[in-house]
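Notes follow the structure.
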Amino acid sequence: MTTPAPDPRTLDRRLDALARQPFRAKFHLRGRDRATAALKGPATLRWHAYDLIAKRLAPAEPYKDGRQTPYRGHPVFVAQHATATCCRSCLERWHGIPKGRALTRVEHAYVVEVISRWIAREMTDGAFSGQDPCRADPGHEIS
């Protein structure tokens, strides 16, 4: 299996297949994670996803691989479990991205796109349009 181009239809088919898996189907944005997603907005969450993936998943041998992604505490973490982008084993099995080497830029962007697409679908049937406080306030600190 090779990494597909981040075409929305391809991503939707992959997300639909993942949602049929009992473990993955349990994950939804609720409570504080949902509120965080609504407050931060899609652009900020995309940056957070990019940064979290760079630190926790992109290295060839991530620290604590298989246990590095919390189940809650940030919308991206929930999305990683729902989309099988939580560890290198899931990434290899579900997305065809091999373990044992660092993610390429294209693979990194693909993982961020998968996560972002899942969050968008969770928020409002794919039409996530929450306001991004970072754009409204240049002095806003990303947390």
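Atoms considered below: every heavy atom in the structure, side chains included; atoms not considered: hydrogens, waters and symmetry mates. All residue numbers in this chain count up from 1 along the given sequence.
Heavy atoms only, all atoms of each residue included: Ala49 and Ile115 are closest at CB-CG2, 4.2 Å. When all heavy atoms of Ala54 and Pro59 are compared, the closest pair comes out as O-CD, 3.6 Å. Nearest approach of Arg88 to Pro98, heavy atoms of both residues: NH2-O, 2.7 Å.
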For this session: Begin from the C-alpha positions of Glu92 and Ile97 and carry the test side-chain contact (heavy atoms from CB on, under 4.5 Å) through to its verdict.
Result: CA-CA 5 Å; Glu92 183 173 58; Ile97 299 173; 6.0 Å; no

Problem set entry | Worked verdict on Arg46 versus Glu113 for salt bridge (charged side-chain N to carboxylate O under 4.0 Å, His left out) | CA-CA 8 Å; Arg46 183 177 291 274; Glu113 190 60 34; 2.9 Å; yes

Problem set entry | Check against side-chain contact (heavy atoms from CB on, under 4.5 Å), Val114 and Arg117 | CA-CA 5 Å; Val114 169; Arg117 185 78 176 172; 5.9 Å; no

For this session: Report the C-alpha separation of Arg34 and His28 in whole Å, then their side-chain angles, then the decisive distance to 0.1 Å, and conclude whether the side-chain contact (heavy atoms from CB on, under 4.5 Å) test is met.
Result: CA-CA 9 Å; Arg34 186 174 188 84; His28 296 283; over 6 Å; no

For this session: Take Cys90 and Arg24 through the side-chain contact (heavy atoms from CB on, under 4.5 Å) test and state the conclusion after the steps.
Result: CA-CA 11 Å; Cys90 290; Arg24 309 278 170 212; 3.1 Å; yes

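Side-chain contact between Pro75 and Leu45 is present, with heavy atoms from C-beta onward closer than 4.5 Å. Side chains of Arg56 and Cys86 form no contact here, defined as non-hydrogen atoms less than 4.5 Å apart. Side-chain contact between Phe77 and Leu52 is present, with at least one heavy-atom pair separated by less than 4.5 Å. Considering only heavy atoms from C-beta on, Glu122 stays 4.5 Å or farther from Ile119 through its side chain. In this structure the side chain of Leu103 reaches within 4.5 angstrom of the side chain of Ile53, judged on heavy atoms. The side-chain heavy atoms of Arg67 and Pro62, taken from C-beta on, include no pair separated by under 4.5 Å. Side-chain contact between Trp118 and Thr85 is absent, with no heavy atoms from C-beta onward closer than 4.5 Å. In this structure the side chain of Glu107 never reaches within 4.5 angstrom of the side chain of Leu91, judged on heavy atoms.
Remark: Arg32 CZ is loosely packed, at most 12 non-hydrogen atoms of other residues, nucleotides or ligands lying under 6.0 Å away. Other residues, nucleotides and ligands contribute over 12 non-hydrogen atoms within 6.0 Å of the CZ atom of Phe23.
Between Arg121 and Asp16 a salt bridge is recorded (basic side-chain N to carboxylate O distance below 4.0 Å). Using a 4.0 Å cut-off between charged side-chain N and carboxylate O, Asp51 and Lys55 make a salt bridge.
For Arg72 (side chain) and Val78 (main-chain N/O), no donor-acceptor pair under 3.5 Å exists by modelled atom type. No side-chain donor-acceptor contact under 3.5 Å links Arg20 to the backbone of Ala25. Side-chain atoms of His108 never come within 3.5 Å of backbone atoms of Leu57 as a donor-acceptor pair (strictly under, hydrogens ignored). Using a distance-only test at 3.5 Å, with no hydrogens or angles considered, a donor-acceptor pair links the side chain of His95 to the main chain of Thr83.
One finds the CZ atom of Phe27 at 11.5 Å from the CG atom of Leu18 (value rounded to the nearest 0.5 Å).
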